[in-house]
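Take a look at the structure below.
As a basis for the values below, the full set of heavy atoms in this structure was taken, side chains included, without hydrogen atoms, waters or symmetry mates. Order of the sequence lines sets the chain letters (A, B, ...), proteins ahead of strands, with each chain counted from 1. Keep in mind the model is a prediction, meaning the values are calculated, not measured.
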2 protein chains.
Amino acid sequence: MASRPKATILDIAREAGVSKSTVSLVLQGSDLIRPETALKVRKAIEDVGYVYNRGAANLRKAHSNVIGMVINDLTNPFFAEMAVGMERVFQSAGIVPFIANTAENPVRQEEVLKSLMEQGVAGLIVSPARGTTPGAFRRIETAGLPIVFTMRRLPESRIPVIAPDNHRGAWLATAHLIGKRHRRLAFFGGSSDLVVYHERLGGFREACEALGIAKRDTLVVEGETSRKGGIACLETALAMAEPPTAALCFNDAVAFGVMLALRKRGLEPGADFAVVGFDDVIEAQHYMPALTSVAVDSAGLGERAAHVMLKMIQSRTTRAEDHIGAVNLVVRDSCGPDRRAGMGDAA
Amino acid sequence: MASRPKATILDIAREAGVSKSTVSLVLQGSDLIRPETALKVRKAIEDVGYVYNRGAANLRKAHSNVIGMVINDLTNPFFAEMAVGMERVFQSAGIVPFIANTAENPVRQEEVLKSLMEQGVAGLIVSPARGTTPGAFRRIETAGLPIVFTMRRLPESRIPVIAPDNHRGAWLATAHLIGKRHRRLAFFGGSSDLVVYHERLGGFREACEALGIAKRDTLVVEGETSRKGGIACLETALAMAEPPTAALCFNDAVAFGVMLALRKRGLEPGADFAVVGFDDVIEAQHYMPALTSVAVDSAGLGERAAHVMLKMIQSRTTRAEDHIGAVNLVVRDSCGPDRRAGMGDAA
DNA sequence: TTGATTTATTGGAACGTTCCATTTATAGGC
DNA sequence: GCCTATAAATGGAACGTTCCAATAAATCAA
């Protein structure tokens, strides 16, 4: 019961009547060992309740087989799905990734990265926390540790990025709204300290311009990227003199918030006000009404990132191509045509 | 750029013109070192781009400061919240927990546990995967490693458990339904290989019996603990000769599925069929109609589990009290009275 | 000045592995 | 029988820390 001094390969060696080197070789599955000897050793390993000390091994081997995944928000199903996609790939490569959550806190992120590095990880996949300072990854870069970013990029960093085509996604969604006869459009949620925000907002703006929506007929409301943020955005938008009739939301959480706020005001999402989300989390298809959203295949991007990381480790390089994942607009029930525009047409 | 041989305390010592012992002491913040010397050393640390090798340190120190959290399903917001609760506690204790996902796969769980142990974790918090074999944790127990279970318990294990009061929660929810005049009740979702299932179903059964619902008027449908499972459960239930008018669901995901299936059949959840969930995930309050559910405070239980773990590590013990968390029923809009019963009364 | 005491610093062994260079045992060729 | 080739097993140094015991330097009491 009491934790006796834990067994080492020397204990195994004694138990099996061989040398520590032999035990080491058995542990590594070497074929230099006679099968009967290996069997004997394996039995001893069981008997003494041995657990391998990877720390000691890494001291000699230099390269571990653990990879760190640093996620900005695990409670967001979008990032959770991405993490699971990565895990799938690593599992089949015989690697156990350790996940750490930063909760969008750059300080926490710093601690987490430090700890992971001290642990001697072979590589790092990071979805950076909001407000990450540009220098936060310099230590890692100078250490020559393979690292990739997912979903988010940092302003002037040269670290490879695996992310969806935010610009095109926003463009598609905006074009869809315009195609439904909406003429006064809003962009809801997000804040300008995120590169993703600029990408999505940029797509929105360009689509508006290209498809003949005047700048004065567009409204941009920054806000939290959560349901609460969405609720707030809608409130401010509807308080305007000439409120928009449709909104592209920074992400699905914001969109859900907008739909809730509409309902609370007795308005029907889709019929009375069109809303499009971004990310297409699983909940999107289950909401009432089902949410039209830009699908980014988070799990697929996670897998991709994992593959890139594996290749980097294998080829001992610290460079890799960026990958911009395809997106597509999944049209559901949350954006009918602008009613007033419709009526105007018919009349 | 190319990864030069990484710096060690010896490099620092040379750079700063002191001995490695001095560097080691500085690293540990010892007050045996003259402040000016410490400063000099710290500068050298920066200059050579040193990263601490915890593996090497653990070789001597025996006790690491990393804790493993093994979660059965990170994509389930219920478990994600719990994980975040734990993290909060560990963070303020200066500990970085490593999270690993098992995706309800006992084989994967085995790998993950092995890897965590090899890494030399100081303790383990585990939410066991479904179908975990009873012997899966023997290695850990014999190693004398502190371990606690959260949310789920194993049949004959003596490992401490932090879990909600499932029995009472189910009792409360069932009583609520009966109080709403429902007389034919169902229990939807879950499967009997989970202890939690028996606890919740037991609460349901006892409440029925105590409050005068005959066993033949209750229906139990096993199923996946997901939306899909909920949909399937409702289908089979409504295909019965005398279908139930209300259901307690194994968890919220099942409840969401049931509500979706009702809508698909043109029935209104709440008015036409009452549904109660379990866990009270954040989405519950945002659904239409808002879901009545048994709140278990997953984040709180996570925090509790983390505290227990810290205490175990600190007191070098492997035993701890079980903790059964209080639950309470959050009544929202998803269960009106049985219409027929109501009409019968009025007539 | 000398010896005792305190304050800073240091060398060296130890931790549990891996892996190279050896040694020992086994087999084959003649 | 001896020599060589192959197969199997082994000892020892090294990896980067910590920490004890020891030393060196500074301070103090006499």
Side-chain angles (χ1 to χ4, degrees), chain A residues 3-42 44-45 48-66 114-115 117-122 143, chain B residues 3-42 44-45 48-66 114-115 117-122 143:
Chain A
S3 70
R4 53 190 154 192
K6 53 189 80 168
T8 76
I9 53 170
L10 280 143
D11 298 311
I12 300 170
R14 197 177 316 118
E15 181 84 6
V18 298
S19 79
K20 63 173 171 43
S21 304
T22 305
V23 177
S24 177
L25 289 172
V26 171
L27 248 18
Q28 297 172 73
S30 164
D31 54 358
L32 286 177
I33 302 297
R34 200 150 38 104
E36 337 159 28
T37 311
L39 213 69
K40 201 170 51 177
V41 171
R42 262 188 275 274
I45 289 177
V48 302
Y50 171 73
V51 356
Y52 184 74
N53 184 335
R54 202 172 287 281
N58 287 160
L59 214 46
R60 291 271 329 187
K61 276 202 306 193
H63 244 49
S64 77
N65 70 157
V66 349
K114 181 154 167 283
S115 178
M117 290 197 71
E118 291 180 354
Q119 222 55 231
V121 294
Chain B
S3 71
R4 55 189 152 190
K6 53 191 80 170
T8 74
I9 53 169
L10 281 142
D11 299 310
I12 300 169
R14 197 177 315 118
E15 180 84 7
V18 298
S19 77
K20 63 177 171 37
S21 303
T22 304
V23 177
S24 176
L25 288 171
V26 171
L27 248 18
Q28 297 169 73
S30 163
D31 55 357
L32 286 177
I33 303 295
R34 203 155 32 113
E36 337 160 28
T37 312
L39 213 69
K40 201 170 51 178
V41 171
R42 264 188 275 275
I45 289 176
V48 302
Y50 171 74
V51 356
Y52 184 73
N53 184 336
R54 204 171 284 280
N58 286 160
L59 215 47
R60 290 271 327 187
K61 276 204 306 191
H63 247 48
S64 77
N65 70 158
V66 349
K114 182 154 165 284
S115 179
M117 288 197 72
E118 291 180 355
Q119 220 57 231
V121 294

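In this structure, CG of A/Leu32 is placed 15 Å from C1' of C/dT24, rounded to the nearest angstrom. Look at CD1 on B/Ile9: it is 16 Å from P on C/dT9, rounded to the nearest Å.
Residue B/Thr8 is in sugar-phosphate contact alone, with no base atom involved, counting any heavy-atom pair closer than 4.0 Å across all strands shown. Contacts of B/Ile33 with the nucleic acid, taken as non-hydrogen atoms under 4.0 Å apart, involve only primed sugar atoms and P, OP1 or OP2.
At the phosphate of C/dG12, neither OP1 nor OP2 sits under 4.0 Å from any side-chain N or O atom of B/Ser21.
Judged as a side-chain contact (heavy atoms from CB on, under 4.5 Å), and not counting sequence neighbours, the contacts of A/Leu25 are A/Ser30, A/Ile33.
Put simply, OG on A/Ser64 and CD on B/Gln119 are 7.0 Å apart, with the number rounded to the nearest 0.5 Å.
Side-chain atoms of B/Arg14 and B/Asp11, non-hydrogen and from C-beta on, do get closer than 4.5 Å to each other.
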Fill in: side chain to side chain contact (heavy atoms under 4.5 Å, CB included) evaluation trace for B/Thr8 with B/Tyr52
CA-CA 8 Å; B/Thr8 74; B/Tyr52 184 73; over 6 Å; no
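Salt-bridge formation is detected for the pair A/Lys114/A/Glu118: a Lys NZ or Arg NE/NH1/NH2 atom is positioned less than 4.0 Å from an Asp or Glu carboxylate oxygen.
If you find the closest nucleotide of DNA chain C to B/Arg60 and to B/Pro35, the one lying nearer the 5' end belongs to B/Pro35.
Protein chain A contacts DNA chain D over a range whose 5' and 3' limits, counting nucleotides with an atom under 4.0 angstrom from a non-hydrogen atom, are D/dA8 to D/dG16.
Judged by distance alone, the side chains of A/Ser21 and A/Ser24 never bring a donor and an acceptor atom under 3.5 Å apart.
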